[in-house]
Colleague: 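Have a look at this one.
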Amino acid sequence: MNVALDARQLACERDDRWLFESLDLHVGDGDILRIEGANGSGKTTLLKMLTAQLSPQAGTLTWHGRPLARARDAFFRALLYIGHAPGVAAALTAEENLSWSAAMAGIKASPAEIERSLAAVGLAGFENLPAQQLSAGQQRRIALARLELMKRPLWILDEPFTAIDRDGVAWLERRIATHCEEGGAVILTTHHTFQANDRVTSVVLGVAD
Amino acid sequence: MPRSTTGMKFTDEERSLAPVAGTTIGLSAVWRAQVKRELALARRRGGDLLNPLLFLALVVVLFPLGISPQPDLLAEIAPGLLWVAALLAMLLSLDALFRTDFADGSLEQLLLSPQPLPLLCLAKVFVHWLLTGMPLALCAPLMGVLLSLPGTGYLTLAASLALGTASLSLIGAIGAALTVGLPRGGVLLSLLVLPLYIPVLIFGAGAVQAAIQGGGTAPALALLGALLALAVAAAPFAIAGALRISVNG
């Protein structure tokens with residue numbers, strides 16, 4: 001069992017308004033959980049709770065049966081998170097960005113491995129250009145190269161399909177599917193519809209009002 | 001479903017997703033990676049590095065014009081003036097410490113890393129001091145010449161600034177971490193941090209004053225060292241806590 005993230009009766013209030021209430025979630029091996037909802041319905045807030053950055057106003061979150069806040073260390077070792085802002089420093093090259101990301105994850109990454117993961121996201125030949133000279137989509141791809149570089153069972157991705165072209169979208173969909181076949185799990189917020197969505201569970205936020 | 005309490009047990013077929021022992025790195029490698037990144041970022045920004053030095057030089061050039069070019073008077077106020085100018089130069093450079101990292105999402109990555117956050121914060125502050133406080137300490141004696149600072153004060157000036165600016169970087173980083181999420185945090189940062197800067201200023205300027213008047217500089221320098229030791233021990237944890245609060249505020 002790689003992934004066992006459970007949420008019970010999760011709730012979030014903002015400005016005297018419940019963004020979501022009594023939300024139950026289970027994410028285990030092979031699951032794809034897609035969080036949907038209109039703008040401002042609390043998708044990113046939910047992701048922040050699921051990544052232990054915000055504590056929920058009500059309800060409990062557990063990782064392998066332990067409260068998430070206390071299992072932080074083990075949880076962060078299993079987590080690969082790509083947020084709304086992808087965490088790519090504009091002044092650094094793709095290669096520098098990735099080698100820093102790997103070090104922060106505690107993984108040793110050789111230049112050859114970094115080159116290979118950049119090639120996988122279609123950035124071969126762009127390794128030594130500062131990220132600010134690349135397009136928005138290419139900068140997103142630098143962040144997505146982390147999916148290739150680091151082996152982490154749980155991926156949490158905030159709008160991963162933003163600014164990615166059609167080939168990139170197809171690649172990412174395939175990559176998410178293979179990750180789940182290998183026993184990983186993915187939680188993502190997106191408006192994108194999956195081609196093969198038999199394993200995708202959807203949660204829709206903000207329909208109660 | 002059997003409850004696993006560790007969350008770290010894997011069967012053979014699932015092992016592919018777990019980091020293999022031997023491919024993980026130690027804390028010293030994490031420290032090196034963070035320092036290397038900060039140095040690379042600073043190199044690319046280039047011009048920003050000169051701003052604190054330029055500020056110090058401007059203050060030192062303008063003061064004699066505004067007050068009086070009399071060497072006696074200037075020598076009298078030189079220790080305090082150089083220290084205040086260096087302190088303000090440090091303060092001005094602090095606002096940018098976490099700002100770009102916050103905007104591009106790197107800070108979020110840092111917070112979600114399994115590495116100890118205080119260590120990563122300390123690495124960031126170390127590079128800030130190396131590229132701001134250290135150059136100020138090295139250039140201040142040169143500025144002292146312009147203010148006709150007596151020759152006996154130069155070494156103490158550099159030493160007190162080297163020790164003191166390290167404390168200023170560490171203390172200031174707490175304020176920078178607390179205000180990183182605010183759109184115009186600069187003013188608030190100054191208000192938060194200035195009261196904590198005062199002891200460093202008093203002992204720093206005091207050490208130089210003592211050196212000029214022929215007194216012992218050891219007590220003041222020792223106190224600066226003690227302040228630095230306290231800051232190194234406590235500030236990284238405060239910075240880490242402050243970052244967690246302001247990134248998710």
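Because the structure is a prediction, the values reported are computed rather than measured. Below, chains carry the letters A, B, ... as their sequence lines are ordered, and counting in each starts from 1.
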Colleague: Please determine, among A/Lys48, A/Arg72, A/Met104, the option with the most heavy-atom pairs under 4.5 Å with chain B.
Modeller: A/Met104
Colleague: Measuring heavy-atom distances to chain A, does B/Leu107 have an atom under 4.5 Å in its side chain, in its backbone, in both, or in neither?
Modeller: neither
Colleague: Quick one: what part of A/Thr93 sits under 4.5 Å from any heavy atom of chain B, side chain, backbone, both or neither?
Modeller: both
Colleague: When you check the gap from the basic side-chain N to the acidic O, do B/Asp104 and B/Arg99 get nearer than 4.0 Å?
Modeller: no
Colleague: Taking side chain as C-beta onward, heavy atoms only, is B/Ser106 less than 4.5 Å from A/Trp100?
Modeller: yes
Colleague: Verify, without hydrogens or angle tests, whether A/His179 (side chain) and A/Pro153 (backbone) share a donor-acceptor contact under 3.5 angstrom.
Modeller: yes
Colleague: Looking at side-chain heavy atoms only, is the closest gap between A/Thr189 and A/Leu47 below 4.5 Å?
Modeller: yes
Colleague: Heavy-atom pairs under 4.5 Å with chain B: which of A/Met150, A/Gln139, A/Glu96 has the most?
Modeller: A/Glu96
Colleague: Between A/Ala143 and chain B, which part of the residue has a heavy atom less than 4.5 Å away: side chain, backbone, both or neither?
Modeller: neither
Colleague: Is a side-chain donor-acceptor pair under 3.5 Å present for A/Thr44 with A/His84?
Modeller: no
Colleague: Side chain, backbone, both or neither: which part of A/Ala91 has a non-hydrogen atom closer than 4.5 Å to chain B?
Modeller: both
Colleague: Side chain, backbone, both or neither: which part of B/Gln115 has a non-hydrogen atom closer than 4.5 Å to chain A?
Modeller: both
Colleague: Counting heavy-atom pairs under 4.5 Å with chain B, which one of A/Ala102, A/Ser110, A/Ala85, A/Ser101 comes out on top?
Modeller: A/Ala85
Colleague: Would you compute the distance between atom CD1 of A/Ile187 and atom CG of A/Asp158 and round it to the nearest 0.5 angstrom?
Modeller: 11.5 Å
